[in-house]
Amino acid sequence: MLDIKLIRENPAYVRERLATRHGGDEAQVDTVLQLDEKRRALLVEVEQLKASRNRVSKDIGALMGQKKLAEAEAKKTETREIGDRITLLDKSVAETEAALNAVMLRMPNLPHSTVALGSTAAENPVIRVHGEASAFAFKPKTHIEICEQLQLVDFARGTKLSGSGFLLYTNWGAKLERALIQFLLDLHTEQHGYTEVAPPYIVGRHCMEGVGQFPKFLDQAYAVQEGLDTSSIGQLYLVPTAEAPVANIHREEILKFSQLPIRYAAYSPCFRAEAGAAGLGTRGMIRVHQFDKVELIKIVTPEQGYEELEKLVNNAERVLQLLGLHYHVINLCTGDMGFASAKTYDIEVWAPGQNQYLEVSSCSNCEDFQARRMSLRYKTEEGDNRLPHILNGSGTALARLFVALIETHQQADGSVLIPDPLRPYLKTDRIPVPTAA
RNA sequence: GGAGGGAUGGCUGAGUGGUCUAAAGCGACGGUUUGCUAAACCGUUUUACGGGUAACACCGUAACGGGGGUUCGAAUCCCCCUCCCUCCUCCA
């Protein structure tokens, strides 16, 4: 959520920044200003009335104490009318606030000044490139072919169980998935200073609202129903990312200055309905309804925000470096950024079988946008309450990392070579071609 | 799922319709005293919104788990909900 004071004091700036997203959100600024003004006018009126009612009520109490019942009764009649007006005004204040809130919750964050202007993904600048696409002496197979030959994923049975977009990992595939999760968690907790947390995979709607998933992306979430109670639907949702529970861990708290910076690493499966997404009907692991991910979350002071974002990206890049993968880092332009973010780096890893880059990490500084939504603050050394910056980054997303890994390290004989850092986890140096069954 | 008990400031905990302007204690912070530490004494102690100010000050309103109701007036009475605790039931 944006700062209402900023909109009030500098609407032109807010309009200008929102317009860079090319989402048409700047048109809402006037609505906000009108509702805000109306709300404040109503507040002044109703608060004056309440002040006078409080005074008279106190007088009545005093009169009752002195047994001047007739006078007390007279005052009661007088005040009753004030009470009725207060009730009406309170109602319009509540309505105005609700309307204001509804608009505010749908307004995206303002892009940071260093973000490139642009309207589509084609305009995202490449920040840096690591390694290069490996040359193959043979035609590299796609991950689908590799998975089938090495029996890593049973696509047909995954679909039989849950429909398209769901994967059944088998044999070495299941082990590789588990090894990667453990490798990622160990890397970030042991070498990058993150504290591991294991969050619920179902969260309340307030958490979804806190990180900015709701109300805008309600159509992308899996809602949960409790037993036969249809009224329970809409209360709980499968997490689309561990960001939803983890960023909300300290919601509605006032953190001590000494607690910052907070750095959490969490594994979770991610559930995405992907309503309206194209290409989901096709086989493969690139775009699925459920995938694993290790997420990194930071809660830091505004002064540290952007420095910590750079470190966050580096932490995620380290994963790909250790696994010997070619990737590049891009900076999402204003028109391609996520709803809650002020600045986002995407890391795209090279998948030779696909002959394309795959997004495996998205690292964002949401500044105080989420903190304001979830009412998370910290106390400065001077004793003032301030909103911290909240950052999130994938460290990294698994299904696509799995794809890049097996496509990159596939061998002429059909086996997949396992990079050194992963060998202790998988307890093998290669995934062998199964002997004919 | 059933029965009962709870939810008050940073913490403990009083308060059952009107100076509640929420007692008291603990903690924390500031000050006085002090060779140092401790103790004692004095003082301060939340949040949000609005008004106001150059900025402070200051003023108002709201908040005793959340929402609604009764009343001139609600921490206090009534209704609904959430969460916690104890017991029963069920369950990996």
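So you know, we letter chains A, B, ... as the sequences are listed, proteins then strands, and number each from 1.
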Can you name the atoms? Protein N/O to nucleotides 8-12 of chain B N/O, anything below 3.5 Å, with the distance.
none

Stems of at least 3 consecutive Watson-Crick or G-U wobble pairs (donor-acceptor distances under 3.5 Å) involving RNA chain B, listed by first number, are B:1-7 with B:82-88, B:10-12 with B:24-26, B:27-32 with B:40-45, B:46-51 with B:58-63, B:65-69 with B:77-81
More than 12 heavy atoms of other residues, nucleotides or ligands under 6.0 Å from CZ of A/Arg8: is that the case?
-> yes
A/His143: ring-ring contact (aromatic ring centres under 6.0 Å, His included) partners, not counting sequence neighbours = none
Please list, one pair per line, the donor and acceptor atoms closer than 3.5 Å that link side chains of residues 165-174 of chain A to other protein atoms, with sequence neighbours excluded.
unit_1, atom_1, unit_2, atom_2, d
A/Thr170, OG1, A/Gln151, O, 2.8

Residues passing the side chain to side chain contact (heavy atoms under 4.5 Å, CB included) test with A/Pro302, sequence neighbours excluded, are A/Tyr378, A/Arg386, A/His389
Got a sec, which residues hit ring-ring contact (aromatic ring centres under 6.0 Å, His included) with A/Phe271, two or more places apart in sequence or on another chain?
-> none
Check nucleotides 72-81 of chain B against the protein and report each pair of N or O atoms closer than 3.5 Å, with its distance, or say if there are none.
unit_1, atom_1, unit_2, atom_2, d
B/C72, OP1, A/Arg80, NE, 3.0
B/C72, OP1, A/Arg80, NH2, 2.2
B/C72, OP2, A/Arg80, NE, 3.3
B/C72, O2', A/Ser57, OG, 3.2
B/C72, N4, A/Lys76, NZ, 3.2
B/G73, OP1, A/Arg53, NH1, 3.4
B/G73, O4', A/Ser57, OG, 3.1

Extract all donor-acceptor atom pairs below 3.5 Å that involve side chains of residues 418-428 of chain A and protein atoms in other chains or at least two apart in sequence.
unit_1, atom_1, unit_2, atom_2, d
A/Asp420, OD1, A/Arg423, NH1, 3.1
A/Arg423, NE, A/Ile418, O, 2.7
A/Arg423, NH2, A/Ile418, O, 3.0
A/Tyr425, OH, A/Asp186, OD2, 2.7
A/Thr428, OG1, A/Arg430, N, 3.3
A/Thr428, OG1, A/Arg430, O, 2.8

From the candidates B/U46, B/U61, B/G51, the one with an atom nearest any side-chain atom of A/Glu47 is B/U61
Contacting residues from residues 203-211 of chain A, given that a heavy atom lies under 4.0 angstrom of RNA chain B | none
Applying ring-ring contact (aromatic ring centres under 6.0 Å, His included) to A/Phe214 and not counting sequence neighbours gives A/Tyr237
Ignoring hydrogens and angles, write down the donor-acceptor pairs under 3.5 Å from the side chains of residues 53-65 of chain A, residues two or more places apart or on other chains.
unit_1, atom_1, unit_2, atom_2, d
A/Asn54, ND2, A/Lys50, O, 3.4
A/Ser57, OG, A/Arg53, O, 3.1

Can you list the residues that meet the ring-ring contact (aromatic ring centres under 6.0 Å, His included) rule with A/Tyr264, with sequence neighbours excluded?
-> A/His250
